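In this text the structure is predicted, and so the values were computed from the model without any measurement.
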Number of protein chains: 2
Amino acid sequence: MATDAILAPADDRNINRRIGRPARTKCPPPFLSKTYDLLEEQEEENNKCKEQNKVVSWNVEGSGFVVWCPAEFSELMLPKYFKHNNFSSFIRQLNTYGFKKVASKRWEFQHIKFQKGCRHLLAEIARKKCEPSAFPAYLNPSEKSTLLARNEENTTRELLMEENQNLRKERLELQMQIAHFKTLEVKLLQCLSQCVGSPQNKTRRLF
Amino acid sequence: MATDAILAPADDRNINRRIGRPARTKCPPPFLSKTYDLLEEQEEENNKCKEQNKVVSWNVEGSGFVVWCPAEFSELMLPKYFKHNNFSSFIRQLNTYGFKKVASKRWEFQHIKFQKGCRHLLAEIARKKCEPSAFPAYLNPSEKSTLLARNEENTTRELLMEENQNLRKERLELQMQIAHFKTLEVKLLQCLSQCVGSPQNKTRRLF
DNA sequence: GGGAATATTCCC
DNA sequence: GGGAATATTCCC
């Protein structure tokens, strides 16, 4: 059983090994290297037999590439470089790395750093971040909106604390006022009892 | 070129398609189905030629399985079911689904719901969640602790609101007390002026 | 063993 | 096109 043939991409695995994050500049993502390899190797094939229809090639400017025949491309070429033969998976990867489809009637793709003859630029292409849009993937939408609401409330937290502080201050002032009134009351009552003498029924009616 | 042979796992792709989340119970994760298939099919092989050394098999109790020969297993069997021939990738998947290595000198693995003759249990096995330990992967530790702190503060938010409400209530009560005292003061002063007549200097000294 | 990046699939 | 689940790789 020709296992080597079955798992072609495994061979260059070591060459493409990416050592940690800092060494990133040295070594482009495998997908990009492989796609570039594919185009270079196919370009050679195209040059050999010019009469034949091309399956895939760089565009004339070398600023992108065209898959002229998606069916043959998927069946014959993809499995040589990747672990699948699905055109849509290939497209998905292109999108992940920020390639753009630049023609409506042709499978032509471009990326500013994916140019014929410029393999060194590949290392500067990064996967699109899975958008710092919000929250962990394991949360369902309802949980996310809860969190979102929470965060908004978090902003109100400062306002709450401020209001809280103001309320405490107000309370203190009110309590001082009341203390003052109590003293006043006592004094007034004293005064009343002094002035009026002892007919208590008169004072009683005030309360 | 025998493309079908190259991408064996693609064949049963449609059978294994998992339609949405709710239909989850119907259809186990491909990894589990394939591993189960592998064991069943290999069991048949083992029965055919009993003299040969087994590469992989259910354990005697049927409560798990043993990879007797990792090298042959990886080279010959893995590529028939998966898109690779790496024993370590296979192990990684087992761990992802919660299998345990249950022997020190043998590659024997068990999972409570992975039993010989119980294919229906497979659908109850779930991937380990990427641990709801905390936060999105793209956050660095400092950002995570910030979020953590925020969340703690978020808990205090409720307390703040409660205290706030209490303070408002208290304020209202205090204001009512003050209103009462003011009325009282007015009445006392009226009373005083009635009783004492007009020697105002006496009243003045109270304030 | 498992975290995390990349790859592949599936689905909207 | 891209979100998200699963698979594969790489590394600690």
Gap between atoms CG and P, on Asn95(B) and dA4(C) respectively (whole Å) | 16 Å

Within this structure, what is the NZ-to-C1' distance between Lys83(B) and dT9(C), rounded to whole angstrom?
-> 9 Å

When the distance from CZ of Phe99(B) to C1' of dG1(C) is rounded to whole Å, what number comes out?
-> 15 Å

Check whether the side chain of Arg92(A) and the base of dG2(D) form a donor-acceptor pair under 3.5 Å.
-> yes

Of the nucleotides dT6(D), dG1(D), dT8(C), which has the atom closest to the Ser89(A) side chain?
-> dT8(C)

Residues two or more places apart in sequence or in another chain: which of them pass ring pair (Phe, Tyr, Trp, His ring centres under 6.0 Å) with Trp58(B)?
-> Tyr36(B), Phe114(B)

Protein-nucleotide distance (Phe82(A), atom CZ; dT9(D), atom C1'), rounded to Å | 15 Å

Send over the distance from His84(A) NE2 to dT8(D) P, rounded to a whole Å.
-> 13 Å

Distance check: side-chain N/O of Asn86(A) vs OP1/OP2 of dT8(C), anything under 4.0 Å?
-> no

For dG3(C), take OP1 and OP2 only and decide whether either is under 4.0 Å from a side-chain N or O of Lys128(B).
-> no

Grab the CG-P distance between Leu94(A) and dA7(C) for me, whole Å please.
-> 12 Å

Between CG of Asn85(A) and C1' of dA7(C) the distance, given in whole Å, is 15 Å

Going by an N to O cut-off under 4.0 Å, is there a salt bridge joining Lys48(B) and Glu45(B)?
-> yes

Residues Glu43(B) and Lys116(B) bridged, charged N to O under 4.0 Å = yes

From Val67(A), Asn46(A), Asn47(A), Leu39(A), residue fulfilling side chain to side chain contact (heavy atoms under 4.5 Å, CB included) relative to Ser57(A) | Asn46(A)

Check the distance between dG3(C)'s C1' and Ile91(B)'s CD1 and give it to me in whole angstrom.
-> 18 Å

Please check the phosphate of dA7(D) (OP1 and OP2 only) for any side-chain N or O of Tyr97(B) closer than 4.0 Å.
-> yes

